[in-house]
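Written out below as structure tokens is the structure these notes cover.
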Amino acid sequence: MTQLEGLVTIITGAASGLGEATARRFVRDGATVIMSDIQQKKGEAISSEIGAEFLAADVTEEKQIADLVDQALARHGRLDCMINNAGALGVVGGIATISSEDWNKTVSLLLGSVFYGMKHAARAMINQGDGCILSTTSVAGLVAMGPHAYTAAKHGVVGLTKSVASELARYGVRVNAVAPGTVPTDMTGQIYGGQEGVRETSKARNPLGRSVEAADIAGGFAYLAGPDGKNITGQILTIDAGQSACPAPNRYY
Ligand SMILES: NC(=O)c1ccc[n+]([C@@H]2O[C@H](COP(=O)([O-])OP(=O)(O)OC[C@H]3O[C@@H](n4cnc5c(N)ncnc54)[C@H](O)[C@@H]3O)[C@@H](O)[C@H]2O)c1
């Protein structure tokens, strides 16, 4: 038996970065993985390479997330784990310059999508009497570290995780999130001039002086979804090499 043997798992934003690494890790650990993304070709290519399934869905459209969950149930009869991971940086700029339209789009992508994922996964998991809902927040969900709308939405994911964990515990459904530091992916590569630029920035920002990799984040999801996570709910697992807890060297030692 492997750690995640038979665990029917949906991962959104799985065609790239953290979602892709998590899909690879879950398949390796024995899970039945349904990868989802708006990048259909890329998602299908990865899923057939690793032995996962792929279903296209736009996480900003509630009906598409409802259908995604229904298709997983039709194929496998249950949903054990839902990972709400899809996202992008969204609108940047000073608070006095951000348009309402751009604000709403970003919050819809980063927080509305997590609401849809939790809502439709909960529908299946309450009936089952167990399940695990995981989401990707960020160190920007804990401290002021990103663009305004991104930071606000990721803080929202933290709040929603705790709130929904408190409701669903009575049904045996656990709800947690992972808060990654700065990890080289397509999203961050665009900000820091490629993936090596991300690694250098990340090392300079955290006290361990190491780059945090997508596989580290995948390991966090696997821990929370697997047997060692069975008594964990309402928690945010920060994987950032100490970046958010120890932002500057302390002069007392
Ligand atoms: N990379 C980091 O340093 C970092 C740190 C903290 C949090 N995060 C979060 O991790 C998550 C994944 O980001 P990543 O770094 O792997 O970036 P990425 O760009 O490599 O992957 C994001 C994926 O989400 C998909 N996506 C975007 N909009 C979508 C939509 N509307 N519907 C469905 N899929 C959509 C993209 O197609 C892409 O495959 C995001 O929520 C991001 O905010 C990343």
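One-based numbering, in listed order, for ligands and for the atoms of each. One-based numbering along the sequence shown.
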Considering only non-hydrogen protein atoms, determine which one is nearest to [atom] and report residue, atom name and distance to 0.1 Å.
| atom | result |
| --- | --- |
| atom 1 (N) of ligand 1 | Val183 O, 3.1 Å |
| atom 33 (C) of ligand 1 | Ala57 O, 3.3 Å |
| atom 7 (C) of ligand 1 | Thr137 O, 3.1 Å |
| atom 14 (P) of ligand 1 | Thr185 OG1, 3.6 Å |
| atom 17 (O) of ligand 1 | Met187 CB, 3.4 Å |
| atom 8 (N) of ligand 1 | Tyr150 OH, 3.5 Å |
| atom 31 (N) of ligand 1 | Asp58 OD1, 2.9 Å |
| atom 5 (C) of ligand 1 | Gly181 O, 3.0 Å |

Hey, looking at [atom], which of [options] has the closest heavy atom?
| atom | options | value |
| --- | --- | --- |
| atom 2 (C) of ligand 1 | Asn84, Ile239, Thr201, Thr188 | Thr188 |
| atom 20 (O) of ligand 1 | Ala15, Ala88, Ser16 | Ser16 |
| atom 28 (N) of ligand 1 | Leu110, Ile65, Ile38 | Ile38 |
| atom 11 (C) of ligand 1 | Asn85, Asp240, Leu18 | Asn85 |
| atom 22 (C) of ligand 1 | Gly87, Ala21, Gly90 | Gly87 |

Over all heavy atoms of both residues, which pair between [X] and [Y] is shortest? Give the atoms and the distance, please.
| X | Y | result |
| --- | --- | --- |
| Pro207 | Gln243 | CD-N, 3.8 Å |
| Ala165 | Thr233 | CB-OG1, 3.6 Å |
| Val198 | Thr182 | CG1-CG2, 3.8 Å |

Using a strict cut-off of 4.0 Å, indicate which atoms of ligand 1 neighbour a heavy atom of [X].
| X | answer |
| --- | --- |
| Gln39 | 36 (C), 37 (O), 38 (C), 39 (O) |
| Pro180 | 5 (C), 6 (C), 7 (C) |
| Gly17 | 16 (O), 20 (O) |
| Asp186 | 19 (O), 20 (O) |
| Gly13 | 23 (C), 24 (O), 25 (C) |

Any N/O of [X] closer than 3.5 Å to an N/O of ligand 1?
| X | answer |
| --- | --- |
| Val59 | yes |
| Thr182 | no |
| Ser138 | no |
| Ala14 | no |
| Thr60 | no |

Asp216 side-chain N/O to Glu213 backbone N/O, donor-acceptor pair under 3.5 Å: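 Side chain of Asp216 to backbone of Glu213: a pair is present.
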Is it true that a side-chain atom of Ser47 and a backbone atom of Gly43 form a donor plus acceptor pair closer than 3.5 Å?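 Yes; at least one donor-acceptor contact below 3.5 Å.
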Could you name each residue pair satisfying side-chain hydrogen bond (donor to acceptor under 3.5 Å, both in side chains) that touches residues 8-18, not counting sequence neighbours?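 Residue pairs with at least one partner in residues 8-18: Ser16-Asp186.
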Any atom of ligand 1 sitting under 4.0 Å from a heavy atom of [X]?
| X | answer |
| --- | --- |
| Leu89 | no |
| Thr136 | yes |
| Ala140 | no |

Before accepting this row, confirm whether a basic side-chain N of the pair Arg78/Asp130 lies closer than 4.0 Å to the acidic partner's carboxylate O.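 Yes, Arg78 and Asp130 are salt-bridged.
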Atom pair [atom1] ([X]) and [atom2] ([Y]), whose distance is rounded to the nearest 0.5 Å:
| X | Y | atom1 | atom2 | value |
| --- | --- | --- | --- | --- |
| Gln39 | Ile46 | CD | CD1 | 8.0 Å |
| His120 | Leu68 | NE2 | CG | 10.5 Å |
| Gln40 | Leu55 | CD | CG | 9.0 Å |

Does only the side chain of Lys154 get under 4.0 Å from ligand 1, or the backbone, or both, or neither? Count heavy atoms. side chain
With Val27 as partner, the option from Thr22, Ile50, Leu4 fulfilling side chain to side chain contact (heavy atoms under 4.5 Å, CB included) is Ile50
Among Val164, Ile65, Val157, side chain to side chain contact (heavy atoms under 4.5 Å, CB included) partner for Met118: Val164
With a 4.5 Å heavy-atom cut-off, do Arg205 and Val139 have their side chains touching? no
Can you check whether Val178 reaches Thr136 side chain to side chain, under 4.5 Å on heavy atoms?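 SC-SC contact between Val178 and Thr136 ruled out.
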Can you find a side-chain donor-acceptor pair between Asp240 and Thr238 that sits under 3.5 Å? no
Who passes salt bridge (Lys or Arg N to Asp or Glu O under 4.0 Å) against Asp29, sequence neighbours left out?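 Asp29: salt bridge (Lys or Arg N to Asp or Glu O under 4.0 Å) contacts with Arg25.
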